[in-house]
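Each residue takes its place number in the sequence, starting with 1.
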Amino acid sequence: MPKLEGSVESIVFHNEENQYTVARFRLNDRGRLFRDDLTTIVGVLPGIHPGELLSLEGEWESDPRYGRQLKVTSFVQRLPASTEGMVRYLSSGLIKGIGPKKAQAIVDHFGEQTLAIIEQQPEMLTEVKGISRKDCERIEKAWLEQEDIKELHLFLQSHEVSMSVATRIYKEYGRESIRVVRENPYQLAEQVSGIGFRTADDIAVKLGLPQDSLARLATGLKYVLTQAANDDGHCFLPESDLIRRASHILQVPVETLQEAMVHLRTEQDIFVEPPSKAFELPPTEKKLPVVAEDMDEDEVEHATASDEFDARIYFGPFWYAENGSMRLLRILRNAPSCLPPTSQKQWDIVFARLKQQRQMELTERQREAVQVGYNQKVSILTGGPGTGKSTSLRALLMLLRTRKIDVALAAPTGRAAKRLTEATGVQAKTLHRLLEYAPHDNSYQRNEENPLPFQFVIVDEFSMVDILLFYHLLKALPRTSHLLLVGDADQLPSVGPGNVLRDLLRSQAIPAVRLTELFRQAQQSRIIVTAHQINQGIVPNPKIEASSDFFFMKEEDPFRAQQLVIDLVKRRLPAKYHFNPIADIQVLAPMYKGAVGVKLLNERLQEQLNPSALAQVEWSDRLYRVGDKVMQTRNNYDKGVFNGDVGFIRRIDRENMVVKVEFSEEAGPLMVEYEFHELDELVLAYAVTVHKSQGSEYPAIVLPLVREHRMLLQRNLLYTAITRAKRFCVIVGQPSALEYAVHNDRVALRNTGLAERLLELAHSHIQASI
């Protein structure tokens, strides 16, 4: 890696947000006669100014527009030594109000001692003609700020912290940055965007802070709570489980965490709640320990879904969301309806007209669904694919429009909203758009003070809705309106925390209709028939039929299965069925690791489907190319994109260090800009986990199944994967893995308190009616 010494001649380009800089650089070994013989340097170069001396390390690269240039990977700044360099340095915009004329006067007066005078005796600057007391104060202040910036970068570089992380820290804390980092680097994890506990912990380790410091342990406990919500969907952790997980992650004994646990209980955003013993939930599901990919067999064996005798440790938002949802559901159910009453005779007329005029003959169960949706303030419509949920919705919508009732249709994602529009003929919105989400202050404009202007709200794909979004929806509903929740209860739960649909159904506090009859047209689809067989615990017949839309291709070896998946996506399916290999075919996998895990499959599929592009960028350990299919991995409200959203890279601008990604929204394409340091929010999406595919449908699905994924091979995961396919589904792998997944009907129960709170609601409702 080349190392250069020299001085900054001029700044060609500087992006204040990400500190990307293009500068002209004079090497020390160049003679002063060759003033135009300069080198171009590019990279994240915060706080550099013309005249400064730099020691650089980097890599040479050839830019088609700018020629040969050095891409800087690290640098050390030193103050200019020559009087000429000092003039350029002071007049570079470093100090407001000091231009070339005043800079020249200062340097003429103090000579080579100029910078020493500014640093040690700035009051002497008033000796220079034309330099006022105000100029003197400005120079002193700007100098101190620049010193702080340089000191921070040098300090963090010496501890192997990247410049992009250092820039984020300075942007948050300014002159206090070094003090904050020295005193409590764990504060960064809570206050600096893009810096998590792991990064803060790495900084702390490099600073030599003790492993058992209270700051580390307390922040670590919060980190474990956050990870439990983000990764496992828990709204709370039993205290012993929280301590056990924290002990494993922080590598400290359980006893060491006791003081930190006492401290955590005093935090304003933490709620401690005893487990409820008043109501017993129906034992409808077998408990399955929540497992992580890095657990070994012994850890899985001893993992527990929850400890019912422990105090429950909540993060504030989830505690408020559960309690608030229960409160608002009670208010909504008890408030009068705004809809005109309908007698059974009128219902019979409605259903007869639907049959005569619309050729919609509803089953008894579908009629019940329509009537319950109309008559009940809050209700649920659930059922698998092909059971007539969309037909029931269309019938209900026709009745509502006939009676001139204002109705809103919504879904959790843009893709789901678009499908709902196509299925019903009524325009649907995402829930965020319906609730008028405002990214600038992370709030919803529709709330209890400013409710929605609708008498009836229908939410489809409700299994995807987490507890926080459900709470915001309830807050925005007028008290007299109706709410119908539509979803498939047998699918995986939401990506976000909570298990709202399952909790609502388990509590039996909300009227629900489950559609089970498979319609004749649906019976012709092997995808739908197979999904229902799996749901009933029947292993599908792996026999290949030429006319089928569902196949099982046996392959015992995981690496050969990987090759078969790639061949199916790249060659076989496009050749036979004319699928676009990137836009139409989605590879789903149960896990990230392994030969047919998401990580390796993405690397291989990118190599095969998008081997070269107009532009590409390497960031961290990932390579992104124009044309790549990518997925957003966390909710970014400022950008209006959310965890699980899939888009395509349309442009990579290396000069301005930005990537533009196009996402499909219900209102049309949405172009989102990412600075390079934000690329950790994106992953390749040629292959995604089944969990991340929720709410989406794809023309074709390829699903590898092998025994090395057994910890996550569950019936509801397999069912969810297959029901993502609209026209074609092929499973590749081991028959024994397929059989294991079908027979494993246990579900990883999430730690949620909503069902118990709703049982309390149902109990109070019964008491009120006695």
Side-chain angles (χ1 to χ4, degrees), residues 354 358-360 362 366 369-370 373-374 379-437 444 446 452-465 469-470 472-473 476-477 481-488 491 494 501 515 519 521-522 528 583-584 586 640-642 644-648 662-671 693-699 723-727:
L354 283 172
R358 305 282 185 171
Q359 287 74 52
M360 292 175 65
L362 302 185
Q366 285 178 310
V370 174
Y374 187 92
S379 61
I380 298 171
L381 173 59
T382 186
T387 57
K389 294 194 300 294
S390 295
T391 301
S392 302
L393 272 185
R394 285 198 298 271
L396 176 59
L397 285 167
M398 286 175 190
L399 173 62
L400 294 174
R401 281 184 298 196
T402 300
R403 299 198 164 191
K404 296 183 169 46
I405 292 162
D406 291 326
V407 61
L409 269 65
T413 67
R415 299 181 303 280
K418 192 175 179 182
R419 288 206 320 275
L420 182 57
T421 300
E422 292 166 354
T424 61
V426 178
Q427 186 63 45
K429 295 181 177 181
T430 62
L431 278 168
H432 284 86
R433 198 177 295 274
L434 178 72
L435 301 178
E436 297 178 19
Y437 178 75
Y444 294 90
R446 293 294 179 177
L452 291 165
F454 300 106
Q455 298 164 282
F456 207 113
V457 175
I458 299 171
V459 181
D460 195 20
E461 290 287 359
F462 188 70
S463 62
M464 293 181 64
V465 174
L469 189 52
F470 183 53
H472 286 295
L473 170 64
L477 286 174
S481 69
H482 284 233
L483 175 65
L484 173 61
L485 308 172
V486 184
D488 188 343
Q491 289 186 20
S494 58
L501 179 57
L515 302 178
F519 282 80
Q521 187 177 354
I528 293 176
D584 294 338
Q586 183 62 58
V641 287
F642 303 95
D645 285 354
V646 173
F648 295 88
E662 182 182 311
F663 292 92
S664 177
E665 290 291 317
E666 82 279 12
L670 173 68
M671 195 69 74
S693 73
Q694 289 169 259
S696 300
E697 280 187 347
Y698 311 94
T723 53
R724 300 309 90 209
K726 285 196 291 188
R727 291 163 47 198

Quick one: do Phe454 and Asp406 satisfy side-chain contact (heavy atoms from CB on, under 4.5 Å)? Show the steps, please.
-> CA-CA 5 Å; Phe454 300 106; Asp406 291 326; 4.2 Å; yes
Is Ser494 close to Val465 at the side-chain level, that is, under 4.5 Å between some pair of heavy atoms?
-> no
Would a distance-only check, ignoring hydrogens and angles, find a side-chain to backbone donor-acceptor pair under 3.5 Å from Gln366 to Thr391?
-> no
Below 4.5 Å, heavy atoms only, C-beta onward: do Val426 and Leu393 meet side chain to side chain?
-> no
Ignoring hydrogens and geometry, is there a side-chain-to-backbone donor-acceptor pair from Thr382 to Gly487 under 3.5 Å?
-> yes
With a 4.5 Å limit on heavy-atom distance, are the side chains of Ile458 and Leu397 in contact?
-> yes
Between NZ on residue Lys418 and CD on residue Gln427, distance to nearest 0.5 Å = 11.0 Å
Measuring from Leu473:CG to Leu431:CG, what's the distance to the nearest 0.5 Å?
-> 6.0 Å
Name the orientation class of the two ring planes belonging to His482 and Tyr374 (parallel below 30°, tilted from 30 to 60°, perpendicular beyond 60°).
-> tilted
May I have the step-by-step check of side-chain contact (heavy atoms from CB on, under 4.5 Å) for Thr723 and Gln491, ending in yes or no?
-> CA-CA 9 Å; Thr723 53; Gln491 289 186 20; 4.2 Å; yes
Test log, rule side-chain contact (heavy atoms from CB on, under 4.5 Å), inputs Leu501 and Ser463 = CA-CA 5 Å; Leu501 179 57; Ser463 62; 3.9 Å; yes
Nearest non-hydrogen partners of Asp645 and Phe663, listed with the distance | O-CE2, 3.6 Å
Provide the closest heavy-atom pair for Asp584 versus Tyr698 in the form atom of the first, atom of the second, distance.
-> O-CB, 4.2 Å
Measure the CZ-NZ distance between Arg419 and Lys726 for me, rounded to the nearest 0.5 Å.
-> 7.5 Å
Going by the angle between their ring planes, with limits at 30° and 60°, are Tyr444 and His472 parallel, tilted or perpendicular?
-> tilted
When you measure from the side chain of Thr421 to the backbone N and O of Ala428, does any donor-acceptor pair fall under 3.5 Å?
-> yes
Starting from the C-alpha separation in whole Å, work towards a yes-or-no answer on side-chain contact (heavy atoms from CB on, under 4.5 Å) for Val459 and Leu483.
-> CA-CA 8 Å; Val459 181; Leu483 175 65; 4.3 Å; yes
Check whether any side-chain N or O of Arg724 sits under 3.5 Å from a backbone N or O of Ser696 as a donor-acceptor pair, and report yes or no.
-> yes
Identify the two heavy atoms, one from Pro412 and one from Asp460, that lie closest to each other, and give their separation to 0.1 Å.
-> CD-O, 3.3 Å
Side chains of Leu670 and Val641 in contact at under 4.5 Å (non-hydrogen atoms) | yes
Could you tell me which non-hydrogen atom of Ala416 sits nearest to which non-hydrogen atom of Glu461, and how far apart they are?
-> CB-CG, 3.9 Å
If you look at every heavy atom in Pro385 and Ile528, which pair is closest and at what distance?
-> O-CG2, 3.4 Å
CG on Leu409 to OG1 on Thr424, rounded to 0.5 Å | 5.0 Å
Would you say the side chain of Phe462 lies within less than 4.5 Å of the side chain of Ile380, judging by non-hydrogen atoms?
-> no
Any side-chain heavy-atom pair from Met464 and Thr413 closer than 4.5 angstrom?
-> yes
For Leu381 and Ala369, which heavy atoms make the closest approach, and how far apart are they?
-> CD1-CB, 3.7 Å
Exam field: side chain Lys389 to backbone Leu515, donor-acceptor pair closer than 3.5 Å | no
Going from OG on Ser693 to CD on Gln586, what distance comes out if it is rounded to the nearest 0.5 angstrom?
-> 8.0 Å
Point-to-point distance, once rounded to the nearest 0.5 Å, from CG of Leu399 to CD1 of Ile405 = 6.5 Å
Heavy atoms, side chains only, cut-off 4.5 Å: are Leu469 and Leu435 in contact?
-> yes
